[in-house]
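I have placed the structure first, in the form of structure tokens, so that the comments after it can refer back to it.
Here is how names work: the chains are called A, B, and so on, in the same order as the sequence lines, proteins then strands, and each is numbered from 1. In what follows, every heavy atom counts, from backbone to side chain, and hydrogens, waters and symmetry copies are set aside.
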Amino acid sequence: MALKYDHKAIEKKWQKKWADENAFAASDSSDKQKLYILDMFPYPSGAGLHVGHVEGYTATDIYSRFKRMQGYNVLHPMGWDAFGLPAENYAIKTGVPPVKTTDEAIKTFTRQINSLGLSYDWSREIGTHTPEYYKWTQWFFLFLYNKGLAEKRRAKVNWCPKDQTVLANEQVVNGCCERCGTEVVQKDLEQWFFKITKYADALVDDLDQVDWPESTKIAQRNWIGRSEGAEIKFDISNSSESITVFTTRADTIFGATYLVLAPEHPLLQKLKNHIENWESEVLPYMEVVKNKTDIERQEEGKEKTGVELKGIKAINPANQEEIPVFVADYVLGNYGTGAIMAVPAHDRRDREFADVFGLPIRKVVEPGNPRIMETAKLKSGSTEDIFVGENILINSGDFTGLQSAEAKKKITEAVGGKMVKTYRLRDWLISRQRYWGAPIPVVYDPEGKPHAVPEEHLPWLLPTDVEFKPTGTSPLGQSKELLERTEKIFGIGWKPEIDTMDTFVCSSWYYFRFADPRNSKEFASKEAMQKWLPVDLYVGGAEHTVLHLLYSRFITKVLQQEGYITFGEPFKKLRHQGIILAEDGNKMSKSKGNVINPDDVVATYGADTLRVYEMFMGPLEAMKPWNTQNILGARRFLEHVWDLQEKVTDGIAGAMDMVHRKTVEKVSSDLEHLKFNTAISALMIFVGEAKRKEINRAQYEDLLRLLSPLAPHITSEIAERMGYSLDAWPQPNTSDLPVFNTPIAIQVNGKLRATIELPPAATQEEALAAARKDPAVARWLALGKEEKAVYVAGRIISFAVSTDPV
RNA sequence: GCCGGGGUGAUGGAAUUGGUAGACAUACAGGACUUAAAAUCCUGAGAGGCCUUAACUCCUCGUGUGGGUUCGAUUCCCACCCCCGGCACCA
């Protein structure tokens with residue numbers, strides 16, 4: 001297509017101007033109301049910026065520009081989540097140091113971001129891989145360490161054999177490494193943990209305070225997995241030991257027909273002398289389970305396995321009944337107490353196990369209403385296997401007839417149990433046996449006892465004399481410089497910690513740094529944090545619904561508790577941008593060759609066109625496919641805006657008053673709610689009207705203002721040529737516009753039969769009278785007796801007519 | 001299996017949260033301009049019916065399926081089907 005305006009020259013001109021003027025720097029001293037608008041900062045990958053980045057960044061950019069025009073002091077910074085595996089894996093392949101590839105990638109990202117006209121405050125740029133930054137990442141480690149919130153301990157950890165490193169639970173997907181897909185194995189290692197579990201309750205409860213997508217909140221709640229239940233002790237008949245089980249259904253205790261211990265349960269070793277089949281069955285079973293991977297355990301999940309502990313009986317504290325005890329791998333060692341009371345009548349898993357082993361099934365809960373019971377049976381298509389949830393107790397001694405909720409408390413109390421909460425959340429394992437990360441600032445004395453590196457030695461530099469070949473131990477172990485540094489400072493025989501930190505540590509606090517990015521004495525001053533934080537709007541991909549967001553919230557809560565900040569949630573409002581699929585409907589991927597490079601679109605059609613196109617595709621959060629053809633629509637729209645320069649008059653252009661007012665209102669409200677697609681639609685309608693009718697200078701100026709957050713280059717250029725100012729956001733013209741009649745739809749029995757025009761002030765009587773006069777309506781009304789008539793002002797008139805003849 | 005989100009023309013999507021379904025855009029068709037094509041501009045269009053034809057009008061159906069509430073349902077309720085995302089033996 002022939003291009004009507006020279007986007008290349010125009011965009012270059014304005015981008016240079018903005019850079020030269022540092023036009024988007026946030027003022028630390030301004031007393032305008034602050035607004036902190038943040039993107040999830042990117043990992044600067046070698047592949048460069050992709051169109052998904054563009055979507056999120058454009059959204060926050062539009063909002064930032066919009067809010068600046070409305071008079072806010074906007075902080076809109078950008079930085080680099082620069083540590084991470086891809087650069088290191090590339091180094092393993094090629095020998096090129098990660099710092100080099102990373103810095104090159106940052107250059108590319110910066111160029112691409114600027115080519116889009118994004119209004120970042122570059123004076124606050126940060127990179128997590130710079131010593132100036134990771135000094136403070138290390139400070140956070142020491143901070144948590146000194147508060148007893150970081151500790152080293154031996155633990156079964158997830159190990160990726162390909163990446164040769166430990167993974168956090170959150171980085172294991174279906175038993176495989178999130179990054180490379182290799183099956184994860186369990187290893188017993190000494191590792192550093194952050195005690196995030198101490199904050200589990202606050203991390204659940206405070207979700208109520210934030211404006212986040214409900215799905216993200218739910219994902220976090222599920223991840224933390226708080227459940228409230230009871231711990232109940234079952235004595236063992238011929239031993240002084242006892243088994244404490246965790247249950248959320250204490251009300252079903254009379255239906256407990258056996259107990260189950262996890263294979264890892266420590267009590268098994270203690271009881272082995274009492275277990276008659278220890279050597280013959282129990283021990284072999286435990287061995288088999290131990291050698292199973294998570295994947296195998298999952299695959300075999302359907303068929304329950306286990307072994308009874310012969311010679312052992314547990315005593316049900318509710319009815320003193322002796323019941324058998326099993327070991328089975330469907331009970332997890334690291335959740336609850338590692339032991340359960342099994343109630344096969346009311347738990348599917350217990351039922352499956354009971355079916356395999358022929359164990360008794362005793363119902364102890366039933367719906368109070370027999371009708372509901374019948375419906376439930378019909379629905380499940382069965383007469384037997386109804387799992388009754390919480391309801392009314394039966395066969396439960398003195399507790400028969402109670403409601404479940406009440407029975408839970410009373411039974412727990414009666415059997416000497418206690419109400420407890422358990423969590424699925426585990427402590428955050430932060431050790432990584434990798435090179436390209438922030439070194440953990442710890443050294444070991446000759447006895448092997450860990451000591452924090454004192455703050456004065458921070459940044460505890462990442463050594464450079466390291467080969468990148470994976471050996472199964474951490475690359476930092478090869479560094480002579482690091483060892484010498486350690487011995488020089490601490491003494492001969494001292495050794496450095498050679499693991500680095502999970503990169504999620506780096507990104508768990510970066511939004512604080514933007515408030516005060518050049519501070520060399522603190523990670524950020526209290527004043528700066530007080531001024532700018534919390535983040536008012538945070539936009540990023542939904543893939544971070546648990547990891548990054550949960551860790552950031554944890555760090556924020558610790559800082560709040562220690563008095564560094566006065567708020568407990570870092571991100572007040574969160575939105576996710578949806579994934580942009582390739583034109584063929586698949587995910588964009590190099591291997592499929594369907595990746596769109598934003599550089600190409602910018603070169604061909606211009607940044608403004610790309611911005612408008614991506615925002616017009618659909619709702620920000622929706623998943624939507626790329627369509628190259630549709631880019632033309634965005635470009636045409638901008639050309640129409642350009643062409644209007646010729647059409648502008650000095651007249652009154654009253655024909656445009658109404659659409660002008662509506663457009664100002666609609667665009668203002670849509671941008672506020674990040675509904676960019678409909679805002680653009682409203683602007684298109686305005687432009688179409690202006691083309692057909694007329695437009696005067698004031699109206700054109702307002703059009704450019706409304707459009708300028710979305711398409712900043714072309715609007716700046718036109719404004720300059722026309723002598724306009726884009727500094728202020730337009731106000732809707734509320735002065736007396738001539739009152740037009742509005743079209744009113746008329747329905748008879750719910751079907752549209754006519755439309756008439758009425759003055760907005762018409763009363764119900766006037767409206768109905770006018771409607772009855774309409775010939776089409778009259779015809780339909782004549783078919784029966786009018787039963788009812790409704791007038792909804794400004795919208796619709798509805799008649800109900802009975803056509804029942806006899 | 002459980003928990004979220006969703007299903008609207010050929011396509012991306014819109015619908016003020018119960019009030020004229022299909023805005024806006026793309027693709028498509030016809031026309032204008034052109035030697036021609038592209039670009040541009042204009043017009044049309046949910047599916048179907050009524051009609052010798054045409055225009056205008058009119059009618060029926062239509063927001064995954066089947067019911068329901070209502071003067072009125074894409075919107076609310078019940079049941080079901082399908083797609084996407086998350087969790088998944090968590091007691």
Side-chain angles (χ1 to χ4, degrees), chain A residues 1-4 173-174 213-223 225-227 229 245-249 252 260 262 297-298 300-302 304 328-332 334-343 346-350 352-353 379 422-425 542-543 545-546 576 578-579 612-613 616-619 621-634 636-637 639 643 665-666 669 675 677-685 688 691-692 743-755 776 779 786-801:
Chain A
M1 73 192 275
L3 300 174
K4 285 200 179 172
V173 177
N174 291 330
E214 204 51 40
S215 55
T216 301
K217 291 189 188 183
I218 289 167
Q220 295 228 345
R221 285 196 196 101
N222 289 345
W223 188 264
R226 178 165 73 188
S227 67
V245 304
F246 173 73
T247 180
T248 55
R249 294 298 306 276
T252 62
V260 186
R297 254 170 108 153
Q298 267 172 34
E300 294 164 13
K302 299 278 172 269
K304 295 276 182 288
D329 69 353
Y330 83 92
V331 172
L332 306 173
N334 51 10
Y335 182 78
T337 60
I340 61 153
M341 64 175 208
V343 185
H346 302 290
D347 182 280
R348 241 175 216 101
R349 297 149 302 179
D350 295 343
E352 284 165 19
F353 189 83
K379 256 177 81 173
T422 45
Y423 304 88
R424 210 192 74 122
L425 182 72
E543 66 273 21
T545 46
V546 275
H576 301 298
I579 294 171
V612 169
Y613 164 65
F616 190 57
M617 289 173 84
E621 64 282 358
M623 181 189 277
K624 41 210 178 262
W626 188 264
N627 185 325
T628 301
Q629 191 63 46
N630 287 3
I631 298 172
L632 285 172
R636 278 181 202 135
F637 164 62
E639 297 199 338
D643 290 344
E665 281 169 356
K666 175 80 175 149
S669 130
K675 291 168 73 178
N677 54 332
T678 48
I680 292 166
S681 162
L683 289 164
M684 286 172 166
I685 291 169
K691 275 176 63 183
R692 269 188 295 280
I744 306 290
I746 303 172
Q747 290 182 350
V748 181
N749 286 348
K751 292 211 162 81
L752 180 73
R753 296 305 181 190
T755 53
R779 192 149 51 87
E786 190 180 314
E787 301 280 348
K788 193 170 176 181
V790 182
Y791 173 54
V792 183
R795 299 217 185 282
I796 199 164
I797 296 165
S798 183
F799 292 100
V801 170

Distance between the [atom1] atoms of [N] and [M], in whole angstroms?
| N | M | atom1 | value |
| --- | --- | --- | --- |
| B/C42 | B/C24 | P | 13 Å |
| B/A38 | B/C33 | P | 15 Å |
| B/C51 | B/A32 | C1' | 31 Å |
| B/C81 | B/G46 | P | 34 Å |
| B/U69 | B/A14 | C1' | 27 Å |
| B/U65 | B/A10 | P | 14 Å |
| B/A23 | B/G12 | P | 15 Å |
| B/U75 | B/A15 | P | 15 Å |

Who is the Watson-Crick or G-U wobble partner of [N], with both distances under 3.5 Å?
| N | value |
| --- | --- |
| B/A47 | B/U60 |
| B/C33 | none |
| B/U20 | none |
| B/C2 | B/G86 |
| B/A73 | none |

| Got a donor-acceptor pair under 3.5 Å from the side chain of A/Ser681 to the base of B/C24? |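 No pair found.
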
| said: Distance criterion of 3.5 Å, no angle test: do you see the side chain of A/Arg753 paired donor-to-acceptor with the base of B/U20? | reply: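 Not at all, since no donor on one side and acceptor on the other fall under 3.5 Å apart.
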
| If only side-chain N and O atoms of A/Arg779 are considered, is one of them under 4.0 Å from the OP1 or OP2 phosphate oxygen of B/C58? |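 Answer is no, no contact under 4.0 Å.
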
| said: Please confirm whether the shortest side-chain N or O distance from A/Ser227 to OP1 or OP2 of B/A91 is below 4.0 Å. | reply: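 Yes, such a contact exists.
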
| Between B/G13 atom C1' and A/Tyr613 atom OH, what is the distance in whole Å? |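 From A/Tyr613 OH to B/G13 C1': 12 Å.
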
| query | Quick one: are A/Pro213 and A/His576 in side-chain contact, heavy atoms under 4.5 Å? | reply |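 The answer is yes; the side chains approach within 4.5 Å.
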
| Six-ring centre of A/Tyr330, A/Lys304 cation under 6.0 angstrom, axis tolerance 45° |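 Yes, a cation-pi geometry.
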
| query | What distance do A/Ile631 atom CD1 and A/Met617 atom CE have between them, rounded to the nearest 0.5 Å? | reply |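 The CE atom of A/Met617 is 8.5 Å from CD1 of A/Ile631, to the nearest 0.5 Å.
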
| said: For B/U17, does the O4'-C1'-N9-C4 or O4'-C1'-N1-C2 angle fall within 90° of 0, making it syn, or is it anti? | reply: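 What B/U17 shows is a syn base, its glycosidic angle lying within 90° of 0.
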
